[in-house]
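In this text, all values refer to a predicted model and were calculated from it rather than measured experimentally. Indexing begins at 1, ligand by ligand and atom by atom, following the structure's order.
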Amino acid sequence: MLDHTHDPAARSWVDAANAEGTDFPLQNLPLCRFRRQGTAEPWRVGVGIGDQILDLSGWGVDDMNALMGRSKAERVALRHRLFDALKEGAPRLDLLPQALAEFTVPCRVGDYTDFYTGIHHARAVGALFRPDNPLLPNYQWVPIGYHGRSSSIVVSGTPLRRPRGQVKPPDATVPVFKPSERIDFELELGLYVGPGNALGQPFGIDEADEHAFGLGLLNDWSARDIQPWEYQPLGPFLSKSFGTTVSPWIVTLEALEPFRIPFTRPEGDPQPLPYLDSPAQRERGGYDIALEVWLKTPAMAAAQRLSTSNARHAYWTLAQMLTHHASNGCNLQPGDLLGTGTLSGPAPEEAGSLLELTQGGKQPVTLAGGETRRFLQDGDQLGLRAYAEKPGFRRIGFGACDGVIQPAP
Ligand code: MN
């Protein structure tokens with residue numbers, strides 16, 4: 001699975017790709033859809049290298065979804081060609097500085113499903129919404145998810161309007177319709193589906209990787225005052241569908257290969273049912289990806305890190321999400337997006353949402369300048385970041401996933 005494209009000594013003729021701490025060294029090669037800023041040109045597929053973009057339209061790649069539908073072998077072949085073209089000593093090609101580009105959602109997302117694989121988040125939120133019954137009994141058996149809204153998925157940098165909605169305070173007898181006062185973020189990864197499966201034809205857990213294309217950052221913005229009033233009995237609805245922000249870059253599973261880790265269950269927890277279990281899953285089903293949340297309020301000169309976590313805390317693997325989703329015969333399609341759910345860690349400071357960091361808004365967090373926050377205020381910029389690193393390999397990053405809250409209409 002590992003090959004010469006993971007060699008940490010490999011360097012690029014693009015200087016910025018060799019810089020310490022860059023998200024996009026030669027070993028990463030993340031994909032995006034971009035065009036030159038200020039133009040109405042059609043979106044093109046590009047690959048990030050250092051602070052530049054290589055346009056793939058001369059490479060037989062003019063549509064991201066079509067690329068996603070190609071086999072894993074074809075994707076690996078493209079990665080090898082890109083690596084050869086961008087490595088030190090290869091002839092220089094025309095590139096576009098990322099600073100002169102604008103980006104869009106990296107593919108056409110047909111369907112968007114959000115899972116709930118962060119058990120520490122599920123426990124913490126369950127305790128707030130249902131103190132007597134925090135973790136529902138199905139959680140350790142079935143990968144929980146809900147069908148989200150793909151039309152309101154936006155790329156990093158797109159402002160987010162504070163939604164209005166029905167809110168019923170606990171002591172009120174009737175709900176009111178008003179701007180949400182509890183806008184929150186959710187720290188998630190988004191899994192982009194590669195080749196799909198035909199309707200009525202599920203696949204086995206060890207075939208799941210064939211259907212996975214890559215990962216990006218995903219912020220599942222949530223209105224915490226609308227959510228508790230609407231979520232029973234059919235799950236989240238308008239508390240989530242007002243916006244979901246994704247990073248412009250898709251980091252391929254090929255690039256993430258060095259950072260796979262064993263998938264284990266805590267002592268005493270049930271093991272997954274056989275259709276979600278295999279020796280390969282146990283050996284290398286998980287991913288070690290560091291996650292960060294950053295906040296910049298209008299009063300701050302620079303953003304402040306709010307929390308850190310890791311994708312290793314997920315209770316279900318990417319392959320289990322894919323396999324379970326298709327297990328009833330549901331057809332996945334290239335470009336479908338599967339959110340992991342909020343990937344909080346076990347410690348309080350590893351929380352992937354303000355709901356957890358403030359214990360349901362009861363304990364405000366104090367920021368560097370002395371300001372406090374229970375939930376996000378107008379003008380606040382919330383950013384997600386991620387990277388993978390391991391001795392013997394080059395660190396790779398995911399780019400930015402940022403959004404600023406704007407006042408309700
Ligand atoms: Mn979510």
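A salt bridge links E371 with R373: at least one charged nitrogen is closer than 4.0 Å to a carboxylate oxygen. In summary, R282 and D277 engage in a salt bridge, as defined by a charged side-chain N under 4.0 Å from a carboxylate O.
Take the N/O/S atoms of E188: the one nearest the Mn ion (ligand 1) is OE2. Among the heteroatoms counted here (N, O or S) of D114, OD2 is the one nearest to the Mn ion (ligand 1).
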- request: Show the numbers, then the answer: is there a side-chain hydrogen bond (donor to acceptor under 3.5 Å, both in side chains) between D23 and N28?
  value: CA-CA 8 Å; D23 273 359; N28 193 347; over 6 Å; no

- prompt: Taking it one step at a time, do Q140 and D269 satisfy side-chain hydrogen bond (donor to acceptor under 3.5 Å, both in side chains)?
  reply: CA-CA 7 Å; Q140 291 167 316; D269 279 17; 3.2 Å; yes

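Take the Mn ion (ligand 1) as the corner point: the lines to OE1 of E186 and to OD2 of D220 open at 80°, to the nearest 10 degrees.
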